[in-house]
Amino acid sequence: MNYKEYGKTGKQVSTIGFGAMRFEEPENTEKSVQTVLKAFELGINYFDTAPGYCNDLSEINVGHAVKKMKKSGKPFYVSTKSSKADGKELREQLENSLKRLNLDTIDFFHCWYVLTLDEWEKRKAGGAVDAILKAREEGLIRHAVFSTHLPGPDIRKVVEENYFEGVTLGYSAINFPYREKGVQAAFEHNMGVVVMNPLGGGLIPANEDSFDFLKIREGQNILDGALHFLMSDPRITVSLVGFRNEEDVETAVQSVERGESNLYNDREIEFLRNKINTDLNNLCTSCMYCDGCPEGITPWKYMETANLLYLNALQPLSSRLQLHWGADIKALENCTECRECEEKCTQHLPILERFELLKKKVKEEKA
Ligand code: SF4
Ligand code: SF4
């Protein structure tokens with residue numbers, strides 16, 4: 001396992017991190033803790049969790065593993081988060097996280113899920129940012145960082161305010177142009193950059209044929225293609241992989257080891273960037289942040305299905321909707337076009353436009 005310095009914190013973190021939001025059976029403490037410990041044994045030392053992941057069981061499971069990892073004497077780093085805008089509420093959530101994680105100090109504490117610049121202003125006005133900085137002064141956290149779904153230029157604005165030492169953002173072979181300027185801004189400011197969704201929310205392995213071009217070296221599999229692309233980028237510190245079980249951990253670590261000794265050169269990176277830019281712009285990553293439609297519509301089911309239009313998938317859209325998602329195209333008739341989902345969309349996709357396209361194509365299939 002290779003390690004990189006996280007920004008200018010002096011912490012050497014593993015090039016892949018443990019994303020603790022996908023435990024296969026989160027209520028099975030022993031199995032979940034074993035999954036964390038397997039990662040630690042194989043060299044992963046960055047563990048990312050959050051209150052609410054797996055109904056709080058993620059922090060609890062990581063907390064059990066923390067007790068065992070402490071005994072090893074080897075360094076490890078825990079990251080957690082709060083999306084509260086109110087300083088007092090954030091502090092309360094932070095204290096609960098410390099208890100669940102069995103820690104006196106959280107290494108990387110995120111001002112979590114900054115979706116718009118308006119919201120960023122609310123975090124400052126509500127006292128959340130001050131509460132994070134105070135907690136750092138008091139030693140409850142070591143490093144103040146933020147996580148965001150903002151587009152690149154907006155990320156630059158937050159970075160340039162100099163509150164934080166690092167950023168966590170969605171970035172993958174699918175969507176990298178969208179946040180490119182943010183990654184560059186963080187790098188220029190010597191900040192750590194942690195990438196979430198490196199596999200495009202599972203879209204890349206699920207559409208292996210369409211993403212085949214990511215495999216540019218002999219013997220690579222699709223996971224290698226997606227991960228090696230990120231690992232070869234000197235600006236990216238950690239790629240977070242959501243692990244379900246020990247097997248997932250072993251598979252990812254093997255992939256990393258294959259890439260470490262054979263990173264892409266500049267010419268290969270440029271080739272991939274050009275290819276992705278032209279071939280795969282604008283896909284839904286199924287992140288589900290557009291959840292909460294007042295009309296009870298589940299936009300991501302339709303948007304993930306609409307990806308097939310761009311991926312040239314052979315599966316009929318209607319069967320994808322019905323068999324994979326159990327969704328009915330007729331539900332879209334209830335859409336009032338309030339655009340709430342579009343405002344929340346992490347990829348800033350034209351959801352309503354795609355609904356119309358989807359309706360038209362499904363109708364054509366039935367004709
Ligand atoms: S635009 Fe339509 S799908 Fe989106 S939140 Fe509003 S009603 Fe729901
Ligand atoms: S439509 Fe946007 S917010 Fe919704 S799942 Fe897709 S990428 Fe995420």
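We count ligands from 1, going down the list as the structure has it; atoms in each ligand are counted the same way. Nothing here was measured: the structure is a model prediction, and the numbers come from that model. All residue numbers refer to positions in the sequence shown, counting from 1.
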So which heavy atom in the protein is nearest atom 3 (S) of ligand 1, and how far is it from that ligand atom?
F355 CE1, 3.7 Å
Enumerated ligand 1 atoms positioned under 4.0 Å from heavy atoms of R339
1 (S), 6 (Fe)
Side-chain touch L263/M231, heavy atoms, less than 4.5 angstrom:
yes
Measure up the Y163 and W120 rings against each other and bin them: parallel (under 30°), tilted (30 to 60°), perpendicular (over 60°).
perpendicular
Show me which atoms of ligand 1 lie under 4.0 Å from any heavy atom of E295.
7 (S)
Could you tell me if the ring centre of Y46 sits under 6.0 Å from that of Y77?
no
Looking at M303, which atoms of ligand 2 are within less than 4.0 Å of one of its heavy atoms?
1 (S)
Strictly under 6.0 Å, is that where the ring centroids of H143 and F108 end up?
yes
Are the side chain of E5 and the backbone of G10 linked by a donor-acceptor contact shorter than 3.5 Å?
yes
T336 heavy atoms, cut-off 4.0 Å: which ligand 1 atoms fall inside?
7 (S)
Would you say atom 2 (Fe) of ligand 1 has C338 as a near neighbour, meaning an N/O/S atom of that residue under 2.8 Å away?
no
If you draw the axis of the six-membered ring of F40, does the NZ or CZ of K74 fall within 45° of it and under 6.0 Å from the ring centre?
yes
Using only heavy-atom distances, determine whether the side chains of T49 and E59 contain a donor-acceptor pair under 3.5 Å.
no
Closer than 4.0 Å to some heavy atom of C284 - which atoms of ligand 2 meet that?
1 (S), 5 (S), 6 (Fe), 7 (S)
Go through ligand 1 atom by atom and flag the ones less than 4.0 Å from a non-hydrogen atom of L352.
1 (S)
Among C335, C341, C345, which one puts a heavy atom closest to atom 4 (Fe) of ligand 1?
C341
Is atom CD of E30 surrounded by more than 12 heavy atoms (other residues, nucleotides or ligands) closer than 6.0 Å?
no
What atoms of ligand 2 come within less than 4.0 Å of a heavy atom belonging to W300?
5 (S)
Atom 8 (Fe) of ligand 1 sits nearest the protein heavy atom C293 SG, 2.3 Å
